[in-house]
Amino acid sequence: MKTRILGTGSFLPPGVVTNNDLGRMMDTSDEWIVQRTGIRERRWVEGATTTTDLALEAARRALESADVAAGELDMIIFATLSPDHEFPGAGCFLQAKLGVSGIPALDVRQQCTGFLHGLSIADHFIRAGTYKKILLVGAEIHSKGLDKTTRGREISVLFGDGAGAVVLGAHEGREGILTTHLHADGRFARELWVKAPTQAVSGERINAEMLAAGEHYPQMNGRMVFVNAVKKMPEALKEALDAAGATVNDVDLFVLHQANTRISEMVCSQLQIPREKFFSTIEKYGNTTAATIPIGLDEAVRSGRIKPGMLVATAAFGSGFTWASALVRW
Ligand code: COA
């Protein structure tokens, strides 16, 4: 018995924000952003749109492509670092929007590796026979939580909004999830984080001084993230390949987390992954954290880059630090 990806879906909000648009908000340039990151534009939501609004569209498309009705789902797993509200989790809001009350709705808080953590959890529930059909969503709205002044430029140019989803089900045969691998090293938790609101103060979790200091915006040690990402992503991919007894040559497509083109290029060169086997979305969407991999999978399927029977490898690195990988026979 394996867990198979039965269908994929994604949804990107229509509002395109180019590097030149950012240059009108802060001291940055298209040239700097493209050269350092490979990002040309990203999507930002408008108005009161929430993360679960994006997730709902992606989920509907995934359910349709899987030919599964929402009522057949046994569980929802929702990976996000930008839920609609601090609590309850985004999974509960999505469950209500899908009209499937009663089934468990679990939030996963593992940032860029959230989707792969969700994939591993879903795989274990399905192979154990606990659940037959699981909806796994990765969705983010970063645009409402970025410092859009020059103070925040190192981070704000990197992230975008979006959602991706897969429907997973039990399957007898060679297709399905072959292996998943999850890691974390909390010693680096403060290298890419949002400091406030926090319990690590006496009194209220958020106050005027914290807001004035921008502690409610993400902060990052960019170089530290870069150095660790180019080390841990190849390690995680190698771990997955070894566990499945496969090599880079056996893989048909690599759908990696999209944080930065330079990181991806270094990962590919370390493992000697040919350019044509690497699927990229960073130019048009930036880093959408937990949504990046399911958006990539959906676009690869819909554009014919992933076909049934192909071997697909995926890996991610991000805040926590966390890193993860998976190998899937499509
Ligand atoms: N526009 C223009 N200048 C910027 C800028 C921006 N958006 N952001 C930062 N700068 C400036 C800095 O203030 C600094 O200026 P200084 O030299 O006067 O102090 C300079 O650019 C830093 O440039 P450089 O050293 O060339 O940057 P870098 O090569 O380290 O690249 C990152 C910076 C953020 C692109 C890089 O560290 C990175 O990609 N890190 C990983 C980030 C990531 O992927 N995060 C998500 C992981 S899931």
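Whatever order the structure lists them in is the order used to number ligands and atoms, beginning at 1.
Here Glu57 pairs with Arg60 in a salt bridge; the nearest charged N to carboxylate O distance falls below 4.0 Å.
Interface of Phe317 with ligand 1, defined as ligand atoms under 4.0 Å from a residue heavy atom, comprises 48 (S). Annotation for ligand 1: atoms under 4.0 Å from non-hydrogen atoms of Cys112 are 48 (S). Heavy-atom proximity to Val157, at under 4.0 Å, picks out these atoms of ligand 1: 7 (N). Atoms of ligand 1 lying under 4.0 Å from at least one heavy atom of Ile263, given by number and element, are 44 (O).
The backbone and the side chain of Thr28 each have at least one atom closer than 4.0 Å to an atom of ligand 1 (non-hydrogen atoms only). Residue contacts with ligand 1 for Thr289 are absent, since no atom lies close enough (heavy atoms, distance under 4.0 Å). Using a 4.0 Å cut-off between heavy atoms, Gln111 makes no contact with ligand 1 at all. Here Asn287 has side-chain heavy atoms under 4.0 Å from ligand 1, and that is the only part of it that gets that close.
A 4.5 Å side-chain heavy-atom check between Val328 and Ile5 finds at least one atom pair inside the cut-off. A 4.5 Å side-chain heavy-atom check between Val45 and Leu54 finds at least one atom pair inside the cut-off. The closest side-chain heavy-atom distance from Leu135 to Leu94 is below 4.5 Å. Taking 4.5 Å as the limit, some side-chain heavy atom of Ile155 sits within range of a side-chain heavy atom of Leu192.
With respect to atom 27 (O) of ligand 1, the closest heavy atom belonging to the protein is Arg36 NE, 3.8 Å. Nearest protein heavy-atom neighbour of atom 33 (C) of ligand 1: Trp32 CH2, 3.9 Å. Residue, atom and distance of the protein heavy atom nearest to atom 43 (C) of ligand 1 are Val225 CG1, 3.8 Å. The shortest contact between atom 25 (O) of ligand 1 and any protein heavy atom is with Arg223 NH2, 2.6 Å. In terms of protein heavy-atom proximity, atom 45 (N) of ligand 1 is closest to Met220 SD, 3.4 Å. For atom 11 (C) of ligand 1, the closest heavy atom belonging to the protein is Arg153 NH2, 3.5 Å. When hydrogens are left out, the protein atom nearest atom 31 (O) of ligand 1 is Arg262 NH2, 3.5 Å; that is the closest non-hydrogen contact. The single protein non-hydrogen atom nearest to atom 38 (C) of ligand 1 is Asn260 ND2, 3.7 Å, given as residue, atom name and distance.
For atom 19 (O) of ligand 1, no protein heavy-atom neighbour is present inside the 4.0 Å cut-off. Distance check on atom 48 (S) of ligand 1: some protein heavy atom falls below the 4.0 Å cut-off. For atom 4 (C) of ligand 1, the protein comes within 4.0 Å by at least one heavy atom.
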### Task
Show the numbers, then the answer: is there a side chain to side chain donor-acceptor pair (under 3.5 Å) between Thr149 and Asp147?
CA-CA 6 Å; Thr149 68; Asp147 182 351; 2.7 Å; yes
### Task
Any chance you could lay out the side chain to side chain donor-acceptor pair (under 3.5 Å) test for Gln111 and Thr322, step after step, and finish with the verdict?
CA-CA 8 Å; Gln111 305 69 247; Thr322 61; 4.8 Å; no
### Message
Please evaluate residues Asp123 and Thr180 with respect to the criterion side chain to side chain donor-acceptor pair (under 3.5 Å), reporting the C-alpha separation (whole Å), side-chain torsions for both, the decisive distance (0.1 Å), and the verdict.
### Response
CA-CA 9 Å; Asp123 181 36; Thr180 61; 4.8 Å; no
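When only interatomic distances are considered, the shortest N/O to N/O separation between Gly222 and ligand 1 falls below 3.5 Å.
Within the 6.0 Å centre-distance limit, the rings of Tyr131 and Phe125 are counted as a close aromatic pair.
Between atom OG1 of residue Thr289 and atom CZ of residue Phe115 there is a gap of 13.0 Å, rounded to the nearest 0.5 Å.
No side-chain N or O of His183 forms a donor-acceptor pair with one of Glu235 less than 3.5 Å apart. Under the 3.5 Å distance criterion, with hydrogens and angles disregarded, a donor-acceptor pair is assigned to the side chains of Thr50 and Asp53.
The closest approach between a heavy atom of Ile33 and any atom of ligand 1 is not below 4.0 Å.
Nearest heavy atoms, Leu158 versus Thr37: CD2-CG2, 3.5 Å.
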